[in-house]
Protein chains: 2
Amino acid sequence: METTEIDAVLQALANADRRKILDLVKADPGCTVSSVVKHFDTSRVAIMRHLNVLYDCKLLLHEKVGRSRHLYLNSVPIQLIYDRWTDEYGAFWGGQLADIKYRVERGENND
Amino acid sequence: METTEIDAVLQALANADRRKILDLVKADPGCTVSSVVKHFDTSRVAIMRHLNVLYDCKLLLHEKVGRSRHLYLNSVPIQLIYDRWTDEYGAFWGGQLADIKYRVERGENND
DNA sequence: TAGTTACGTAATGAAATGGTTACCTATTGC
DNA sequence: GCAATAGGTAACCATTTCATTACGTAACTA
């Protein structure tokens with residue numbers, strides 16, 4: 001996975017509305033754009049912009065049928081991100097996480 | 001974890017330079033700002049801005065000693081993100097991941 | 001103590017992000 | 001055919017992001 005692809009996926013995930021879209025599509029695979037829009041107060045165009053971001057980084061797959069566009073979740077990018085971080089930080093987590101978390105929970109972190 | 005906190009952590013991770021900083025600090029806990037800056041072509045101020053982003057979302061802990069600032073990785077936010085996504089998408093992954101990953105590795109992904 | 005080192009901040013500017021309204025095209029249903 | 005529906009695009013605007021240069025301050029060192 002290219003650096004720019006990781007950037008794009010993380011950037012896409014760094015927005016609550018886009019994460020909500022993913023959740024909605026996950027809950028109702030094959031749903032349409034307008035059905036997603038109904039769950040938001042923001043404009044249809046704004047949601048479509050979010051959808052385009054999700055298409056670009058391939059978190060959402062889509063196909064046009066008639067005048068509708070059907071949406072599907074593609075979890076592969078998330079999985080790749082997950083692998084990246086667990087691979088690179090897994091050892092660190094395993095070794096130090098418990099202690100650090102303990103200290104943080106006791107308010108002993110030095111922010 | 002608040003939505004805005006998730007946003008902040010993912011936003012922070014959505015930048016290759018900031019991820020590189022995390023990798024550097026992970027490889028050399030307690031390293032200083034200037035030692036991190038040496039690994040980049042961009043200006044010291046730009047890197048310090050990235051550091052501030054990482055401080056704000058608590059991916060980096062830091063303490064000033066003399067005229068130096070020592071940096072430490074705090075993997076708790078990453079762990080929380082990890083938990084968030086595996087909790088919400090775990091079932092989906094569990095059901096389809098093996099097959100998808102297998103297909104991806106064989107170059108048969110459906111992008 | 002004078003100079004270098006390490007870090008911090010201010011001012012500035014280009015580009016990206018995220019939203020809006022207005023309008024346009026294609027499909028469906030009556 | 002005509003109106004309603006579903007989606008797409010264009011133009012615009014405010015804010016944030018991300019970089020720069022210039023300058024300031026505290027601490028180490030020769």
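Here is how names work: the chains are called A, B, and so on, in the same order as the sequence lines, proteins then strands, and each is numbered from 1.
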Classify B:R69 by what it touches in the nucleic acid, base, sugar-phosphate, or nothing, heavy-atom distance under 4.0 Å. sugar-phosphate
Could you grab the distance from atom CD1 of A:I81 to atom CD of A:Q79, nearest 0.5 Å is fine? 10.5 Å
Take the protein atom CG of B:L51 and the nucleotide atom C1' of C:dT9, then report the distance between them rounded to whole Å. 15 Å
Residues two or more places apart in sequence or in another chain: which of them pass side chain to side chain contact (heavy atoms under 4.5 Å, CB included) with A:S35? A:C31, A:T32
Separation of A:D17 atom CG from C:dT20 atom P, in whole Å? 10 Å
Between the side chain of B:R18 and the main-chain N/O of B:L13, is any donor-acceptor distance below 3.5 Å? no
Residue whose closest nucleotide on DNA chain C lies nearer the 5' end, B:Y55 versus A:A46: B:Y55
Separation of B:N52 atom CG from C:dT9 atom P, in whole Å? 8 Å
Among all residues two or more places apart in sequence or in another chain, which pass the side chain to side chain contact (heavy atoms under 4.5 Å, CB included) test with B:A8? B:C57
With sequence neighbours left out, which residue pairs that include part of residues 34-57 of chain B fulfil the ring pair (Phe, Tyr, Trp, His ring centres under 6.0 Å) condition? B:Y55-B:H62
Treating B:N52 as the side-chain partner and B:M48 as the backbone partner, does any N or O pair qualify as donor plus acceptor under 3.5 Å? yes
Could you tell me the separation between the CG atom of A:D28 and the CG atom of A:D23, rounded to the nearest 0.5 Å? 12.5 Å
Looking only at atom types and distance, does a side-chain atom of A:S75 sit under 3.5 Å from a main-chain N or O of A:I78, one as donor and one as acceptor? no
What residues from residues 32-45 of chain B pass a heavy-atom cutoff of under 4.0 Å to DNA chain D? B:T42, B:S43, B:V45
List every contact pair, protein side and nucleotides 27-30 of chain C side both N or O, where the distance is under 3.5 Å.
from, atom 1, to, atom 2, distance (Å)
C:dT27, O2, A:R67, NH1, 3.0

Atom CG in A:L59, atom CG in A:L71: separation rounded to 0.5 Å? 12.5 Å
Given atom CG of B:N15 and atom C1' of C:dA16, what is their separation to the nearest angstrom? 13 Å
Could you state the atom-to-atom distance from NE2 of B:H70 to P of C:dA6 in whole Å? 12 Å
Rounded distance [0.5 Å steps], CG in A:L73 versus CG in A:L22: 6.0 Å
Decide yes or no for B:L60 and B:N74: does some side-chain heavy atom of the first lie under 4.5 Å from some side-chain heavy atom of the second? no
Give the rounded distance in Å between these two atoms: CG of A:D56 and P of C:dT17. 10 Å
Find the distance A:Q11:CD to C:dG18:C1' and express it as a whole number of Å. 11 Å
Going 5' to 3' on DNA chain D, which nucleotide is the first and which the last to come under 4.0 Å of a heavy atom in chain B? D:dC18 to D:dC28
